[in-house]
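These numbers come from the heavy atoms of this one structure, side chains and all, not from hydrogens, waters or symmetry mates. Per chain, numbering begins at 1; letters A, B, ... match sequence-line order.
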Protein chains: 2
Amino acid sequence: MTPQRRVTLADIAAACGLSKATVSMVLRDNPQVHPNTRARVRAELDRQGYVYHRGAASLRRAGAVNAVALVVNDLANPFFAEFAAGVDAALAEAGHVLLLGSTGESVERQHAVLASLVEHDPAALILSPAEHSSAARLRRVLGARLPVLLFNRRLDGDGPGDWDYLALDNRAGARLATEHLLARGHRAIAFFGGHRDSSSCSERREGYRDALAAAGITPDPAWLIECAPTRQEAARQTPALFVRDPAPTAAVCYNDAVALGLMAGLAACGRRAGADFAVVGFDDIAESAFATPALTTIATEPRARGLQAARLVLARLRGELPASPHTTIAPVALQVRASTAAAPDSPLQSSVQARGPAA
Amino acid sequence: MTPQRRVTLADIAAACGLSKATVSMVLRDNPQVHPNTRARVRAELDRQGYVYHRGAASLRRAGAVNAVALVVNDLANPFFAEFAAGVDAALAEAGHVLLLGSTGESVERQHAVLASLVEHDPAALILSPAEHSSAARLRRVLGARLPVLLFNRRLDGDGPGDWDYLALDNRAGARLATEHLLARGHRAIAFFGGHRDSSSCSERREGYRDALAAAGITPDPAWLIECAPTRQEAARQTPALFVRDPAPTAAVCYNDAVALGLMAGLAACGRRAGADFAVVGFDDIAESAFATPALTTIATEPRARGLQAARLVLARLRGELPASPHTTIAPVALQVRASTAAAPDSPLQSSVQARGPAA
DNA sequence: CTGAAAGCGCTTACAG
DNA sequence: CTGAAAGCGCTTACAG
């Protein structure tokens, strides 16, 4: 099925009775070449079905590399899928191409994937690092030449960090979520899901503590429940919320996947999310608006973050960013939907399905 | 941030007092080189942080290209995200790298994206073509050298086709879906969503007609409703189901996105999916099992399809497939959940929430 | 306006 | 077991 030899600049040049240099200039729209020559070459290029070999070009001229690598945890996770879609859109618009890899949250796999991607000489890398990624080790695999933008998580052992960084405002988001539950009359509020040693989780927990502290509440350690940030694990861990009496009446979840899993877990133990127990997520993936009840959550706009990440990286490549590492904290907003009912003993109780924003 | 010159084979060779040829052999584990030499070279490679330049290698030796391109409609669509995750997993396992693009269902964008991807010299392409893709035009952009695997849709004007093809058994799936609704007592069954001029939609419509015909039912043209295969469009088109009296009591949907949108649309016009109206989807994306009611659908296992697609393409590259184009039809299975209630006038009516498979 | 030559980082015969 | 030279497909000075 693939017999033919590749059509090369030399073929076109020979067919036109020109040198490769001239044909090369036509390809890059160099105005020096005569319009007639240009037209002849164009016709021949088309006739022979020439396809430009960017790898060969980049060998001679470094600027020709236009691939950007993106490494995320898992594409099947809608948060990352929406993020990747945004990155892809911005790159395609700029004429760049996307090299994709995924880590499955394993540093070993991350290592292998990056080592493989980097051999393809991407111009830059957008990396949402796996948990427990070490800065030193990453630097070894990536070399010192590749501009890197970290997304969403910091690295273990990376003090100030010398890579660009795009983060969500995790702390503010979790604070908003918690304040919303407080406003709806809840006092015993859990923080559910995630691993506290990931920077995103610990930042969210801080925001949660901030809000509780401001309300004069000290969180019971039993309210802090870890689990892998997946729907399945969250559903499985749900009973852990109710081992103590009195149990929490609401939970701030590490992310939407956890929140959705928790809602399933609540149903499985005979509780109605949004009526008997309030839940708020983090991310606002597309699905959350359609859940039953619709999920109150913190909107992070993953697709917009993807666009933003790609644009930061392109700006870095064009030298439009200051030489020092650049940190961007994306703002985040509370999205009130139906999953955050008022607390059972609250005067707000009558409106079982909260729909408007808390006063 | 990216000052340093690239470390090259010549640097390593010089530092070791060897020739580039020897270092090159070490890189590819050529057993000819002396163990001591190998060790010295390895140490130096590591010390200088050498990273292999696959593009340069592939210029000399064609086999070195190990990128595979994947072009799908939209990553934010879970069906494609799960498919892409499968492709990625299989490629990573085989040491290949993924070049990703998306078309947004636009042939113009598809053209641009493919032209750009192809310049990076991928070893093969997995393409889920945009609607109305023309075989002739694709062949022009892609050249004749690139092995292509079409996924999910045929091309306009592509008779037998000379590219490999991986399809879902659309006709059988839609037949199963329709038979299930018939078994639950429905007679007026709509086919909802999709564009009939896409091959996947027309195949699904055929399966639907097959099942109705076998039951002696001629579908009312008003039961065939087209809409873009997205949740939003499906929700918007829902009222079209109920313009005629008597209206259908059930619908086979083009895919899960449409089915989920229809369920939202039903709610919006005061109907309860799974109780007042039965709906069955197609795909079984992760979300469908968690919908309320849980969606009865046709399981296509998108992730497994992705693994399969990648493996087919790798087999083609290794010359393990016959020279003629290879067509694979992936089997598909009915997944009964709660969204397919019995018809209102049916004796099965008592069990409003269907949970077991139809007898 | 066009061409001859050198070179990007690798690998491949071919010598030794 | 190791090296010198040529070449993959392009681009870049430098001549003319």
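- Rounded to an integer number of Å, the gap from CZ of B/Arg54 to C1' of D/dC8 is 16 Å.
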Could you list, one pair per line, each protein nitrogen or oxygen that sits under 3.5 Å from a nitrogen or oxygen of nucleotides 3-7 of chain C, together with the distance?
| residue | atom | partner | partner atom | Å |
| --- | --- | --- | --- | --- |
| C/dG3 | OP2 | A/Ser19 | N | 2.8 |
| C/dG3 | OP2 | A/Ser19 | OG | 3.3 |
| C/dG3 | OP2 | A/Thr22 | OG1 | 2.9 |
| C/dG7 | N2 | A/Arg60 | NE | 3.0 |
| C/dG7 | N3 | A/Arg60 | NE | 3.0 |

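- In this structure, CG of B/Asn30 is placed 16 Å from P of C/dC14, rounded to the nearest angstrom.
- For B/Leu9, counting side-chain heavy atoms from C-beta on, the closest listed nucleotide (D/dT11, C/dT11, D/dG9) is C/dT11.
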Secondary-structure string, 5' to 3', Watson-Crick or G-U under 3.5 Å, | for another-strand partners, for DNA chain D: |||.||||||||.|||
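- At whole-Å resolution of the value, CG in B/Asn36 and P in D/dC1 are 11 Å apart.
- Taking a cutoff of 4.0 Å between a charged side-chain nitrogen and a carboxylate oxygen, B/Arg54 and A/Asp121 do not qualify as a salt bridge.
- Side-chain contact between A/Arg305 and A/Asn152 is absent, with no heavy-atom pair separated by less than 4.5 Å.
- No side-chain heavy atom of B/Val68 sits less than 4.5 Å from a side-chain heavy atom of B/Val97.
- In this structure the side chain of A/Asn66 reaches within 4.5 angstrom of the side chain of B/His120, judged on heavy atoms.
- Atom CG in B/Leu59 sits roughly 14 Å away from atom P in C/dC8 (whole-Å rounding).
- Taking 4.5 Å as the limit, every side-chain heavy atom of A/Leu99 sits out of range of all side-chain heavy atoms of B/Leu98.
- Counting heavy atoms from C-beta on, the side chains of A/Glu93 and A/Arg311 come closer than 4.5 Å.
- The pair A/Arg47-A/Asp11 fails the salt-bridge criterion, with no side-chain N (NZ, NE, NH1 or NH2) lying under 4.0 Å from an Asp/Glu carboxylate O.
- Atom CG in A/Asp11 sits roughly 11 Å away from atom P in D/dC8 (whole-Å rounding).
- Taking side-chain N and O atoms only, A/Thr8 has a distance below 4.0 Å to OP1 or OP2 of D/dC10.
- Note that A/Arg154 lies in the cation-pi zone of A/Tyr165, set by a 6.0 Å cut-off to the ring centre and a 45° limit from the axis.
- Taking atom CZ of B/Arg28 as the reference point, atom P of C/dG9 lies 17 Å away to the nearest angstrom.
- Taking atom NE2 of residue B/His34 and atom P of nucleotide D/dT2, one finds them 7 Å apart after rounding to whole Å.
- Identified under the salt bridge (charged side-chain N to carboxylate O under 4.0 Å, His left out) test for residues 14-33 of chain B, with sequence neighbours left out: B/Asp29-B/Arg42.
- For A/Ala56, the side-chain atoms get nearest to D/dG9 when compared with the rest of C/dT11, D/dT11, D/dG9.
- Side-chain N/O atoms of A/Thr37 include none lying less than 4.0 angstrom from OP1 or OP2 on C/dC1.
- Contact record, A/Gln110 with A/Ala130: OE1-N, 2.9 Å, taken as the closest heavy-atom pair.
- Between A/Arg61 and D/dT12 there is a side-chain polar atom (N or O) within less than 4.0 angstrom of OP1 or OP2.
- Nucleotide D/dC8 holds its P atom 15 Å from the CG atom of B/Asp121, rounded to whole Å.
- Listed pair B/Ser24 / C/dT11 meets the phosphate criterion, a side-chain N or O lying under 4.0 Å from OP1 or OP2.
- For the pair A/Arg6 and D/dC8, the criterion of a side-chain N or O lying under 4.0 Å from OP1 or OP2 is not met.
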